[in-house]
Amino acid sequence: MAKLLQTLFDGVAVGSLYALIALGYTMVYGILQFINFAHSDIFMTGAWIAFVIAKAAGWAGGDTPIWASLVTLLGSMIFCGLLGFVIERLAYRPLRGAPRLNVLITAIGVSLFLENTGQLEVLFGTQPQRMPTLLSSEPLFRIGGVGLPLVDVVVVLVAVGLMLLLQWLVFSTRLGRAMRAVSFSIPVASLMGVNVDRVVSFTFVVGSALAAAAGFLYAMKYPGLNQPAHSTWILLGLKCFVAAVVGGIGNVRGAMLGGLLIGCVEMFGAAYLSTSLRDVYVFSILILVLLFKPTGLLGKATVEKV
Amino acid sequence: MKLLLPVITLGLLALTGCSDKGSPAGAGPGSQAASKAPEATTIKIGEFGSMTGSEATFGQSTHNGILLALEEVNAAGGVNGKKVELKSYDDQGKSQEAGTVVTRLITEDKVVAILGEVASSLSLAGGRVAQQYGIPMISPSSTNPQVTAIGDMIFRVCFIDPYQGYVVAKFARENLKFSKVAVLYDQGQAYSKGLKDDFIKAFTEMGGTVTVEQSYTGGDQDFSAQLTTIKGTSPEAVFLPGYYTEAGNISLQAKKLGLIATMLGGDGWDSSKLAEIAGDAIEGAYYSNHYAAEDTRPEVQEFVKKYQAKYGSVPDGLAALGYDAARLLFDAMRRAPSLAGKDLAAAIASTKDFPAVTGVISIDAERNATKPAVVLQMKGGKPVYAATVEPRK
């Protein structure tokens, strides 16, 4: 019983992180129909910027005030939001009319650029680092013999909060309506007076800020940060991309569902079947979903526009 | 699904990113032999190691050790009147990269011998290339038995895993009186798998029980599923035969999960980064290693003094082994009739009672070194000498 609960908690915590990152993939895909492979590197940058801020401020240990975490989180989100804006402006916008493959290859280029630049000694360096403890990992309370640390609670709360905020933004604001219009059809939206460039920029800023938040939470949960070019980050990015596809790429709610599903499948598979196959479960889900519901769990079948 | 394309492209691009950390150690003033380049006044040796990546301190420490030995030999007039020149490459801790840089060392830089790697998987990748070209290679610290089994050109100056596994098992069983130990190993590393098998074999032979075996893949960040399973079997200790980055992360998460057990490890833990990552979660843990800096033998104390003067830090086991590997190579070069692959390999193979920092080295018929091991304990964020275990007779 304790094992079941513990696994469930871990699955939900990891799943909400996946969902946050998957949102970035899905938003960009929904609007531009291309997969931003640099997204996992924005997530990586978010985690490392959080490390840089916390280190520079000298925060560490259990008695750190709660606002320290907030400052780190916001700092990282603002930095990565700007980074997302700059990447879109410099790398993707000039290719707006180009074939989709060109943009995809550019995204890989941006990804490698971020990874390798991050390895410079003046930035993050080539060695793993320890993220200072901002949130206590002592159990906050116990359910059924399983301790719930503050870190995990914060991870889930912040992730869910940000997802609700995004939900509100997309479905209840003018800007959100413009985003949905652009995702429906760029030419028609621009004929209706929607500033497409601004909407696309905004999408990148929001997606990147969410990735940065996920990066911060990830660094809180797993304080041993791998070096920027480590395959860990790519693999995590791929899993979140899978989450977006499983939920139905282009669909905001689908990304949340996909993230939680992937997180739980991975954790339960690892705990009850075999740990050596944990990535296999994730990618098997992808294959199953693509076989039986190619548009994803919440995706709608669309007719290719000619 | 355009998933495969980027993955392949990423892999290909990663292959091309190679940094050159060569250190020309004074080519000497002699320019008379400019027309006959190979008969130059220097002897070229090569080194490959993980200067970046999760095991970066391994490569850097080893490199520091080798450089120290190189400076000494050149200050003393070189080998047989010729200065020794070192060419180093970073393999980023990746097997495919190790093969590439060793090929480059042999075919482009024309080195006569190679020093490297620390991680066994990488020594295996590089060693196959060196064996194929007939260039002797000495691994300073790869402990997996397979490494020297590649062929007659591959040597090492450290003990091997069957012995290391026995040391940890013996220490856990006899000194710490543990009877229930769980194992969590890296399924992608030859070193980790080999050491795990050897530990389990020795520990069960001594009457101990291995409660559960769990695995992870290098680079994994989340170990909660494995640790939850391990916690369910309530072991007295957990044996982590992996490298320091993962060992640190695992200890942290074990503490968070409320798993109370002593962590045990092998020489893959030997890095100052271990305590930096794990903090107080690693306090009281034990690991086996090649040497202890507090050892009072004059070779050790002299080495520690020289190393501290040059780099300002206490050398870890990998620095000591890098130093030993380079000095053993220079010694063999002096004795070899020529520096051709076969002659040099024969000279290395005939090394007897070489007084090294990490113990007296004799190369055996399997091209391994037989030496005692030490067990260190983490106290106050630093490894402290706990015990010495002599080789099995």
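Only this structure's heavy atoms are used, side chains among them; waters, hydrogens and symmetry mates stay out. So you know, we letter chains A, B, ... as the sequences are listed, proteins then strands, and number each from 1.
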A.B. asks: So which atom in A:R278 and which in B:D222 form the shortest heavy-atom distance, rounded to 0.1 Å?
C.D. replies: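 That closest heavy-atom pairing would be NH1-O, 3.1 Å.
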
A.B. asks: Less than 3.5 Å apart, which donor and acceptor atoms pair up between the side chains of residues 233-243 of chain A and the rest of the protein, not counting sequence neighbours?
C.D. replies:
residue: A:W233; atom: NE1; partner: A:N226; partner atom: O; Å: 3.4
residue: A:W233; atom: NE1; partner: A:Q227; partner atom: O; Å: 3.1
residue: A:K239; atom: NZ; partner: A:E266; partner atom: OE2; Å: 3.0
residue: A:K239; atom: NZ; partner: A:D279; partner atom: OD1; Å: 3.0

A.B. asks: Side chain, backbone, both or neither: which part of B:T217 has a non-hydrogen atom closer than 4.5 Å to chain A?
C.D. replies: neither

A.B. asks: Identify the two heavy atoms, one from A:P128 and one from B:T245, that lie closest to each other, and give their separation to 0.1 Å.
C.D. replies: CG-OG1, 3.6 Å

A.B. asks: Select one option (side chain, backbone, both, neither) describing which atoms of A:N116 are under 4.5 Å from chain B's heavy atoms.
C.D. replies: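 No part of A:N116 comes within 4.5 Å of chain B.
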
A.B. asks: Could you grab the distance from atom CD of B:Q214 to atom OG of A:S274, nearest 0.5 Å is fine?
C.D. replies: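 Between atom CD of B:Q214 and atom OG of A:S274 there are 8.0 Å.
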
A.B. asks: Around atom CG of A:L288, are there more than 12 heavy atoms of other residues, nucleotides or ligands at under 6.0 Å?
C.D. replies: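 Counting neighbours around CG of A:L288, more than 12 heavy atoms of other residues, nucleotides or ligands fall under 6.0 Å, so yes.
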
A.B. asks: What part of B:Q221 gets closer than 4.5 Å to chain A, counting heavy atoms only: side chain, backbone, both or neither?
C.D. replies: both

A.B. asks: What part of B:L257 gets within 4.5 angstrom of chain A, counting heavy atoms only: side chain, backbone, both, or neither?
C.D. replies: side chain

A.B. asks: Identify which part of A:Y218 has an atom lying under 4.5 Å from any heavy atom of chain B, answering side chain, backbone, both or neither.
C.D. replies: side chain

A.B. asks: Mark yes when over 12 heavy atoms from residues, nucleotides or ligands other than A:K55 sit less than 6.0 Å from its NZ; otherwise mark no.
C.D. replies: no

A.B. asks: Starting from the C-alpha separation in whole Å, work towards a yes-or-no answer on side chain to side chain contact (heavy atoms under 4.5 Å, CB included) for A:Q119 and B:Q92.
C.D. replies: CA-CA 12 Å; A:Q119 283 214 53; B:Q92 302 164 24; over 6 Å; no

A.B. asks: Quick one: what part of B:Q253 sits under 4.5 Å from any heavy atom of chain A, side chain, backbone, both or neither?
C.D. replies: side chain

A.B. asks: Calculate, to the nearest 0.5 Å, the distance between atoms CZ and CG belonging to A:R130 and B:N249 respectively.
C.D. replies: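 Here the interatomic distance stands at 9.0 Å.
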
A.B. asks: Taking atom CE of A:M267 and atom OG of B:S224, what is their separation to the nearest 0.5 Å?
C.D. replies: 4.0 Å

A.B. asks: CZ of A:F113: more than 12 outside heavy atoms within 6.0 angstrom?
C.D. replies: no

A.B. asks: Calculate, to the nearest 0.5 Å, the distance between atoms NZ and NZ belonging to A:K3 and B:K231 respectively.
C.D. replies: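 Here the interatomic distance stands at 12.5 Å.
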
A.B. asks: List the atom of A:A271, the atom of B:A225, and the distance in Å for their closest heavy-atom pair.
C.D. replies: N-CB, 3.8 Å

A.B. asks: ring-ring contact (aromatic ring centres under 6.0 Å, His included): which pairs involve residues 257-279 of chain B, sequence neighbours left out?
C.D. replies: B:W269-B:Y287

A.B. asks: I need the minimum non-hydrogen distance between A:P223 and B:L252, along with the two atoms involved.
C.D. replies: CG-CD1, 3.8 Å

A.B. asks: Going through the distances and angles, do B:E276 and A:Q129 end up as a side chain to side chain contact (heavy atoms under 4.5 Å, CB included)?
C.D. replies: CA-CA 8 Å; B:E276 211 174 290; A:Q129 295 286 356; 3.6 Å; yes

